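Below is one structure, written out as structure tokens; the observations come after it.
Every value quoted in this text rests on a predicted model; they were computed, and no experiment measured them. For the numbers below, each heavy atom of this structure counts, side chains included, while hydrogens, waters and symmetry mates do not. Note on naming: letters A, B, ... go to the chains in the order of the sequence lines (proteins, then strands), and numbering restarts at 1 for each one.
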Number of protein chains: 2
Amino acid sequence: MPRAGLTPAVLAEEAARIADEEGFDRLSLAAVAKRVGVAVPSLYKHVRGVEGLRREVAVRCAREFGERLGRAAMGRSHDDALRAVATAYREYARTHPGRYAALQRAPSPQDEEASAAFYVGVEAMVSVMRGFGLPDSDAIDAIRALRSALHGFVELEARGGFGLPQSTEHSYRILVEALIRALRDWPRSAPEAGG
Amino acid sequence: MPRAGLTPAVLAEEAARIADEEGFDRLSLAAVAKRVGVAVPSLYKHVRGVEGLRREVAVRCAREFGERLGRAAMGRSHDDALRAVATAYREYARTHPGRYAALQRAPSPQDEEASAAFYVGVEAMVSVMRGFGLPDSDAIDAIRALRSALHGFVELEARGGFGLPQSTEHSYRILVEALIRALRDWPRSAPEAGG
DNA sequence: CGCTGAAGCTAATGGGATTAGCTTTAAAGC
DNA sequence: GCTTTAAAGCTAATCCCATTAGCTTCAGCG
């Protein structure tokens with residue numbers, strides 16, 4: 001039994017591949033062990049059980065995803081930046097459905113590494129939104145709306161939630177254009193009492 | 001062993017309760033069997049394994065959810081109808097997180113009963129959208145946008161995806177208002193080749 | 001009052017996760 | 001170069017869940 005050169009990173013990478021190929025719900029220690037040619041309990045030397053493996057995948061993919069969004073926004077602003085980010089967002093979810101699914105478990109606030117990783121993507125959207133010049137309190141709502149729209153669309157699309165044969169490609173473009181228009185005439189916050 | 005009076009409906013109801021209380025991912029035949037006071041294999045007389053149970057839950061909840069949306073829209077139109085449906089949508093997802101999660105697996109098109117059940121909710125949104133008088137091809141995009149926005153928001157909210165302490169209640173209201181404005185000035189479809 | 005089918009049961013199998021504790025390897029130190 | 005040692009691997013055992021097979025009992029009907 002020669003050393004297999006495993007690290008949390010190697011396992012997470014293999015796990016991400018499994019998630020993309022077979023679905024995030026089919027990700028298991030058994031599947032990873034088989035792929036890397038090792039007995040299941042050996043994995044415990046590198047990750048803290050399935051839960052630890054899932055977290056590892058989530059953290060790495062969050063960074064990967066966030067970087068892509070950031071790169072898409074780079075050198076663009078306003079509408080163009082938003083369109084590019086939206087495209088990159090959907091592209092990632094479509095080409096990496098398992099990884100995208102892995103991102104859907106929010107990290108505990110205590111887990112600073114994971115929280116930071118997840119924030120990379122949010123930050124990209126925050127920075128795009130800054131270009132629209134909304135006051136801070138409105139910007140929070142706008143970012144939430146943006147995230148909701150993009151996430152909702154790609155998830156419904158991935159799950160086969162859009163039954164009709166009409167192009168989802170097209171619908172997504174329209175969604176993004178509608179968003180851009182909405183941001184130009186963003187609803188004013190009613191003065192609010194509290195948190 | 002007196003008869004327990006089980007039916008698929010009884011099991012699905014209990015399963016829905018478990019899903020809401022402990023999370024849809026913790027739903028198991030073992031949990032249901034314990035709750036209804038029966039041995040696990042006995043459940044097979046009523047449902048086709050876990051997968052069958054999940055489907056049963058999904059079908060019932062899809063109807064329940066759809067009816068609530070429909071009732072919310074009833075007697076209202078345009079903006080008011082959309083606001084009411086949006087409120088009912090989020091309310092359901094918040095009070096029944098497990099049931100809402102159960103709805104996220106689209107039924108196979110062959111499964112007509114399930115497809116019909118799922119369409120009840122979509123139909124409510126379709127009918128609301130009709131009030132906005134969009135041409136049919138645009139309406140499809142608009143409905144997809146509406147569904148994306150609502151689903152995305154409630155899911156991100158449920159998963160703790162909105163980190164900041166600012167009121168999600170408020171953000172949701174703004175999202176809905178933005179949506180209403182977007183529908184008044186809906187992006188024209190570029191002429192499209194296909195698909 | 002017995003028949004029969006459905007509804008329950010137990011037993012057995014298989015898969016995944018996890019823990020405990022043993023063995024081997026690779027690398028650091030002498 | 002040899003020894004030591006900690007990490008990396010292994011096997012064995014346990015637990016939980018799902019599923020199948022096949023037996024038993026109950027309820028209703030002739």
Atom-to-atom span, [atom1] of [X] to [atom2] of [N] - whole angstrom:
X: B:Leu43; N: C:dA6; atom1: CG; atom2: C1'; answer: 15 Å
X: B:Asp25; N: C:dA17; atom1: CG; atom2: P; answer: 15 Å
X: B:Leu53; N: D:dC17; atom1: CG; atom2: P; answer: 14 Å
X: A:Leu27; N: C:dG15; atom1: CG; atom2: P; answer: 18 Å
X: B:Lys34; N: D:dA18; atom1: NZ; atom2: C1'; answer: 16 Å
X: B:Tyr44; N: C:dT10; atom1: OH; atom2: P; answer: 16 Å

| Quick one: is C:dG8 close enough that its OP1 or OP2 comes under 4.0 Å of any side-chain N or O from B:His46? |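 It does, given that an N or O in the side chain of B:His46 lies less than 4.0 Å from OP1 or OP2 of C:dG8.
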| task | Look at A:Ser42 and D:dA8 and indicate whether a side-chain polar atom (N or O) is within less than 4.0 Å of OP1 or OP2. | result |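 No, A:Ser42 has no side-chain N/O under 4.0 Å of OP1/OP2 on D:dA8.
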| Relative to the 5' end of DNA chain D, which residue comes earlier, B:Glu51 or B:Lys45, by the nucleotide with the nearest heavy atom? |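 In this pair, the answer is B:Glu51.
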| request: Return the 5'-most residue of the pair B:Val38, A:Gly49 with respect to DNA chain C, ranking by each residue's nearest nucleotide. | output: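 Of the two residues, B:Val38 wins.
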| query | Should the pair B:Tyr100 and B:His151 be assigned to parallel (<30°), tilted (30 to 60°) or perpendicular (>60°) ring geometry? | reply |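 If you compare the ring of B:Tyr100 with that of B:His151, the planes turn out tilted.
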| said: Assess whether a salt bridge exists between B:Arg55 and B:Glu113, defined as any Lys/Arg side-chain N lying under 4.0 Å from an Asp/Glu carboxylate O. | reply: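 A salt bridge links B:Arg55 with B:Glu113.
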| message | Quick one about A:Glu157 and A:Tyr172 (side-chain donor to acceptor, distance below 3.5 Å, no hydrogens or angles considered), yes or no? | response |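 A:Tyr172 vs A:Glu157: no donor-acceptor pair found between side chains.
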